[in-house]
Amino acid sequence: MCGIIGIAGRADITAPLMEGLARLEYRGYDSAGLAVVGSEDAEPKRRRCVGQVKALAQNLRTQGLSGEVGIAHTRWATHGTPSEENAHPLVSGTIALVHNGIIENFRPLRSELEAAGYRFESNTDSEVIVHLIHHQLVATEDLAEAVRAVVKRLQGQFALAVISSSDPDCIVAVRSGSPLVLGCGDGQNSVASDASALAGLARQAVFLEEGDLATIAADRIAIEDRNAAPVTRSPVPLKSGQEVRLGQYEYHLQREIFAHPDSIRAVLADRLQGDRVSAFDDFAGLLDRVEGISIAACGSSYLAAEVARHWFEELAGLPCQAEIASEYRYRAQVIQPNTLFLTLSQSGETADTLAAFKKAQGQGYLTTLSMCNAPLSSLPRLSDIEFMLNAGPEISVASTKVVSASLVALLLLAMTLARRNGLTSSREAELVGALRALPEQVQQVLQRDADFEQQAVAIASQNHALFIGRRAFYPIALEGALKLKELSYIHAEGHAAGELKHGPLALVDENMPVIALAPADDLISKLESNLQEIKARGGRLYVITDQSLASRLQAELECAVIPLPDTHAVTAPILYLVSVQLLACHVGLHRNTNLDQPRNLAKSVTVE
Ligand code: M6R
């Protein structure tokens with residue numbers, strides 16, 4: 001998604017701006033640009049290009065650019081194709097602007113501006129803002145005042161950073177629905193759409209609140225709240241970013257899949273004490289009152305929540321509703337007393353999850369808890385209880401190691417809540433033992449890499465695939481289908497195995513790979529019947545199963561079988577999660593897709 005970085009300094013800031021842009025690349029984008037002003041400039045100087053930040057860097061090397069104050073942007077197209085005209089910064093006379101978010105009322109504003117004589121060079125919703133600011137500066141000479149007046153006319157969500165060659169010492173930035181964070185440095189201050197872009201630029205970060213407007217100069221930062229009253233926002237220390245190296249891997253996705261064991265170890269570290277879960281001890285009194293759980297999340301985080309629903313219900317005996325955040329935010333909820341509202345998000349910035357959270361606030365939930373992997377991101381800062389997943393940076397757009405960390409975190413919570421409903425210490429010790437064994441078992445799954453690669457070859461030649469599973473393995477089947485879509489562009493669907501005969505079975509023929517998740521549990525004979533139905537219709541079966549069942553299933557179904565290590569029934573979905581991700585990764589490799597940046601997608605989905 002779009003990323004913003006802006007720096008106000010005393011010397012040329014082009015190089016640090018480009019470094020900031022490079023740190024925003026992980027969000028996914030299709031074009032990039034920057035604009036700078038210096039004290040001698042009549043207008044902002046700008047460079048933009050379609051494609052990668054390195055193309056912009058090459059442009060700067062050949063054509064040069066310098067200035068003491070500047071803004072830069074990575075754009076993920078919403079309104080208007082990826083093109084140089086649509087790339088930010090957008091300029092109107094002396095003003096340059098970068099924008100994250102969406103302006104919903106841009107059409108009437110555009111008509112009004114065109115009638116006033118403004119000529120539009122882009123198809124973006126954003127361009128109205130820069131012309132409105134330019135127009136407003138006829139009424140006032142103060143840039144911050146003009147931006148404040150224009151913001152009042154905008155509908156939608158946005159984060160803006162604006163510079164002007166008439167006021168070349170500062171950047172004016174506004175947060176309204178899209179996050180912005182300020183960086184305080186020595187002799188230079190900065191602004192960015194997320195704290196990771198500020199690494200190396202600042203020692204402290206100041207998170208803007210909704211409606212805040214900041215004026216950022218090299219030696220001072222002034223913040224006004226939504227009522228234009230001066231405010232102070234507390235700074236927090238910025239840790240230096242962890243450098244991520246590809247090492248032996250071609251893609252971050254592969255590195256991240258092979259980091260599953262480490263991410264599980266990291267989320268467990270300091271959260272177990274002997275045979276018991278200690279992760280939530282600080283909130284024991286509050287959590288003792290929980291009578292139900294409502295989870296809002298998107299994509300793979302939502303699917304992890306769907307797996308956890310089974311744990312909350314089966315282990316803790318508590319009703320649990322997992323919901324896609326973009327649906328939650330527009331639906332009427334019936335909230336039972338003492339319900340815990342939980343958000344789950346790798347980035348902590350997903351717009352729909354944030355909106356669901358904001359809707360939930362003040363609705364009578366017992367408390368809010370967020371599980372998140374990005375330190376200093378919005379969701380944990382806003383929630384009553386934050387639980388960091390500690391899985392380390394995840395660069396690939398497709399989420400992998402953070403999903404296993406999320407599942408472990410959710411299981412820790414389910415075990416904590418289960419105590420009140422009769423989880424004995426011996427059963428807790430058994431589950432803690434299963435959790436401690438997980439990293440090694442996941443490692444064994446990863447050691448079967450060659451088996452996954454072998455099966456991926458045949459799947460890669462097809463255009464469709466089905467994943468099936470039952471109970472907690474049904475959301476894992478959905479995750480398999482999601483990952484296959486993202487990584488290979490094969491059309492894939494996930495189904496509850498028992499639902500096949502109610503419709504999807506019509507799709508099955510000799511060209512339809514069906515990947516079945518077949519753990520050795522009490523439903524295996526039911527699942528085997530489903531597999532026989534597929535076999536009878538010529539479907540190509542790929543069965544992922546526990547070691548103990550592998551040879552029998554292979555003999556009976558005469559199909560490809562990938563065995564996984566036998567594990568505890570409660571933690572088994574985590575092993576199957578890793579297996580479907582590894583399979584999808586190999587299919588993508590065979591189809592030669594960009595595994596780290598699937599087309600049309602972005603890492604941090606900060607627009608609705
Ligand atoms: O950062 P979040 O966990 O909130 O992101 C949610 C989804 O956007 C994310 O899981 C997405 O579905 C991934 N591309 C899945 O691989």
Side-chain angles (χ1 to χ4, degrees), residues 1 3 26-28 76 178-179 193-194 196 251-254 256-257 260 263 267 295-308 322-329 342-358 370-383 386-407 409-410 467 475-476 478-489 492 494 577-578 580-585 587-588 593-608:
M1 288 276 132
Y26 79 96
R27 294 164 72 103
W76 185 84
S178 296
S193 45
D194 71 67
S196 64
Y251 290 102
H252 287 288
L253 180 95
Q254 296 164 296
E256 286 160 5
I257 288 179
H260 272 294
S263 74
V267 71
I295 315 177
C298 299
S300 291
S301 293
Y302 159 71
L303 296 174
E306 281 289 3
V307 174
E323 193 159 3
I324 295 171
S326 54
E327 289 295 310
Y328 178 96
R329 61 186 291 192
L342 199 159
T343 51
L344 188 63
S345 174
Q346 186 287 127
S347 60
E349 300 292 359
T350 300
D352 284 317
T353 312
L354 265 170
F357 175 88
K358 284 178 186 154
S370 104
M371 292 181 170
C372 178
N373 193 48
L376 302 179
S377 59
S378 298
L379 276 167
R381 284 187 302 108
L382 294 168
S383 302
E386 67 162 72
F387 184 102
M388 292 314 295
L389 298 170
N390 297 337
E394 193 181 67
I395 307 291
S396 168
V397 165
S399 192
T400 53
K401 63 174 180 167
V402 174
V403 191
S404 60
S406 304
L407 285 173
L410 288 159
F467 285 76
I476 300 291
L478 292 169
E479 165 71 5
L482 176 63
K483 284 293 171 292
L484 196 66
K485 282 181 271 215
E486 288 185 285
L487 300 177
S488 71
Y489 312 151
L577 168 93
V578 174
V580 295
Q581 292 183 345
L582 190 54
L583 185 67
C585 168
V587 178
T593 52
N594 182 339
L595 291 186
D596 284 341
Q597 292 188 338
R599 66 185 180 203
N600 307 335
L601 300 181
K603 182 68 181 163
S604 188
V605 185
T606 50
V607 293
E608 183 176 357

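Throughout, residue positions are numbered sequentially from 1 according to the sequence presented. Just follow the structure's listing: the first ligand is 1, and inside any ligand the first atom is 1.
- Looking at residues two or more places apart in sequence or on another chain, you find a side-chain hydrogen bond (donor to acceptor under 3.5 Å, both in side chains) between Glu323 and Arg331.
- Counting only N and O atoms by type, the side chains of Ser300 and Lys483 include a donor and acceptor under 3.5 Å apart.
- The OG1 atom of Thr350 sits 15.5 Å away from atom OH of Tyr302, with the distance rounded to the nearest 0.5 Å.
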Next item on the list: Before giving the answer on side-chain contact (heavy atoms from CB on, under 4.5 Å), spell out for Leu577 and Leu303 the whole-Å C-alpha distance, their side-chain angles and the decisive distance to 0.1 Å.
Entry: CA-CA 10 Å; Leu577 168 93; Leu303 296 174; over 6 Å; no
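- Taking Ser396 as the reference, nothing meets the side-chain hydrogen bond (donor to acceptor under 3.5 Å, both in side chains) condition, with sequence neighbours excluded.
- If you look at ligand 1, the protein residues with a non-hydrogen atom under 4.0 Å away are Cys298, Gly299, Ser300, Ser301, Ser345, Gln346, Ser347, Thr350, Val397, Ala398, Ser399, Lys483, Glu486, Val605.
- Remark: Phe387 pairs with Phe280 by the ring pair (Phe, Tyr, Trp, His ring centres under 6.0 Å) rule, at least two apart or across chains.
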